Amino acid sequence: MSAFFSNARHAQTSIISVFNFSRKTDAYRHYHPQFIIEEQRHIAGASGDFTALLNDIVTAIKTISNAVNKGALIGVMGALDTENVQGETQKKLDVITNEIMIRHNEWAGHLSGMASEEMDDVYSIPSPNPLGKYLLVFDPLDGSSNVDLNISVGTIFSILRSPVPSRAASKEDFFQPGTKQVCAGYALYGSSTMLVLTTGHGVNGFTLDRDIGEFVLTHPNMKIPVDTREFAINASNQRFWEPPVQRYVAECQAGSTGPRGRDFNMRWVASMVAEVHRILTRGGIFMYPRDTKDLSKPGRLRLMYEANPMSFIVEQAGGLSTTGYERILDIVPQDLHQRVPVILGSKNEVEVVLGYHKK
Ligand code: AFP
């Protein structure tokens, strides 16, 4: 752990530099530090704080990527005997990655508070660090049940404005609908490390070039194909699904012999970041719908640090995201760890499922 943080402190002085890939060939990659600054110009009232905050988040992501990548070599695999607020057993990396996000983002004066899957309450910025005008919400290691298996995991984050800048954030300050997000993003620690971002002006994807330690713009203006033949759902929950989802999945399974008249493929990674990334890359629909498995939980996924940032990205890439009954980005949160049903992905396919819910 201490090695991460000393590296991290060193890296805090670096800036995000992005290479413009628009000339199609590596030989013409241009150093392009303007990208994030240009994004900042789209945000009303931004002063440079946003750019600096994003730089700190990106440095944390590089540090997490390093830890995930080294894995067993540095003894970070396996579970602890602690549980998070959701009652889930924590992996060592859940705790380490949460700590990395905190350490990189608590000192620079851009935030008035943070919230995470791994912390029961709001994380208050410790004195004497200055307080800032943004709030950061994150899932430091999404899909961590996959981490010991060397299957893709990720970090998801969402940036909101603090209702009262420079005052220690209360829990209620975070209860803003997803439409209020200033920026949302995820990092995918897969065969390469990628960062996918939106500030409400489209979606861009960057790949970590480990030789230079920077993210390079490799997937400009990502768009989700409107049609798909691929669906993702945890089918072990089938007996608990509501009729609209039962109908939709049964029709996909019936394939070319059923009412849809075409064959579908099914995928389930159990890592939302990986599922959303697949959908951004080649289309698809992802569902963790409302079910009757545990009536105290209206869904599996968490609104503030899973559903909201992913819905912002999906909508900005031309897709749709809904609970089946309402647009996810319109929900006003009532709890930091609130759960919601999620149905997101290719526009035409999500509309089919929505139509079944209306009926
Ligand atoms: P963690 O972040 O606690 O690992 O949860 C992952 C997740 O929220 C999401 O990424 C997956 O889609 C979903 O859980 C997997 O759920 P199942 O265990 O039902 O497959």
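Throughout, numbering of the chain's residues begins at 1 and tracks the sequence. Keep in mind it's a predicted model, so treat the numbers as computed, not measured. Atoms within a ligand are numbered from 1 in the order they appear, just like the ligands themselves.
Under the side-chain contact (heavy atoms from CB on, under 4.5 Å) rule, Thr323 has a single partner from Ile343, Ile331, Val342, Leu354, which is Ile331.
In the model, Gln90 has a side-chain atom that pairs as donor or acceptor with a side-chain atom of Thr82 under 3.5 Å. Remark: the Asn308 side chain and the Ser158 side chain contain no N/O donor-acceptor pair separated by less than 3.5 Å. Residues Arg239 and Thr292 have side chains that never bring a donor and an acceptor to within less than 3.5 angstrom of each other. Side-chain N/O atoms of Asn105 and Asp56 include no donor and acceptor closer than 3.5 Å.
Between the side chain of Asp49 and the backbone N or O of His110 there is no donor-acceptor pair closer than 3.5 Å.
The CG atom of Leu329 sits 13.0 Å away from atom CE of Met310, with the distance rounded to the nearest 0.5 Å.
Among protein heavy atoms, the minimum distance from atom 8 (O) of ligand 1 is reached at Glu306 OE2, 2.9 Å. With hydrogens left out, the protein atom closest to atom 10 (O) of ligand 1 is Met272 N, 2.7 Å, a heavy atom. Looking only at heavy atoms of the protein, atom 20 (O) of ligand 1 is closest to Trp268 NE1, 2.9 Å. Nearest protein heavy-atom neighbour of atom 3 (O) of ligand 1: Glu117 OE2, 3.2 Å.
The proximity of Asp139 to ligand 1, defined as any non-hydrogen pair under 4.0 Å, is limited to the side chain. At a heavy-atom cutoff of 4.0 Å, ligand 1 is contacted by the side chain of Asn234 but not by its backbone. Counting heavy atoms under 4.0 Å from ligand 1, residue Ser271 touches it through the backbone alone. With a 4.0 Å heavy-atom cut-off, ligand 1 is reached by no atom of Glu275.
Near Leu141, meaning under 4.0 Å from any of its heavy atoms, are these atoms of ligand 1: 2 (O). Near Tyr288, meaning under 4.0 Å from one of its heavy atoms, ligand 1 places the atoms 16 (O), 17 (P), 19 (O). Remark: ligand 1 atoms within the under-4.0 Å shell around heavy atoms of Arg302 are 3 (O), 5 (O), 8 (O).
Closest to atom 5 (O) of ligand 1 by heavy atom, among Arg300, Lys91, Met310, Met287, is Arg300.
Figure legend: Arg290 and Tyr325 shown as a cation-pi pair, the cationic atom lying under 6.0 angstrom from the six-membered ring centre and within 45 degrees of its axis.
Using cut-offs of 30° and 60° on the angle between ring planes, the pair Phe264 and Tyr248 is perpendicular.
For Leu301, no nitrogen or oxygen atom sits less than 3.5 Å from a nitrogen or oxygen atom of ligand 1, counting backbone and side chain alike. Inclusion of Gly143 in the set of residues having an N or O under 3.5 Å from an N or O of ligand 1 is warranted. For ligand 1, one of its N or O atoms has an N or O atom of Ser144 under 3.5 Å away.
In this structure, Glu349 pairs ionically with Arg262, as a charged nitrogen and a carboxylate oxygen lie closer than 4.0 Å.
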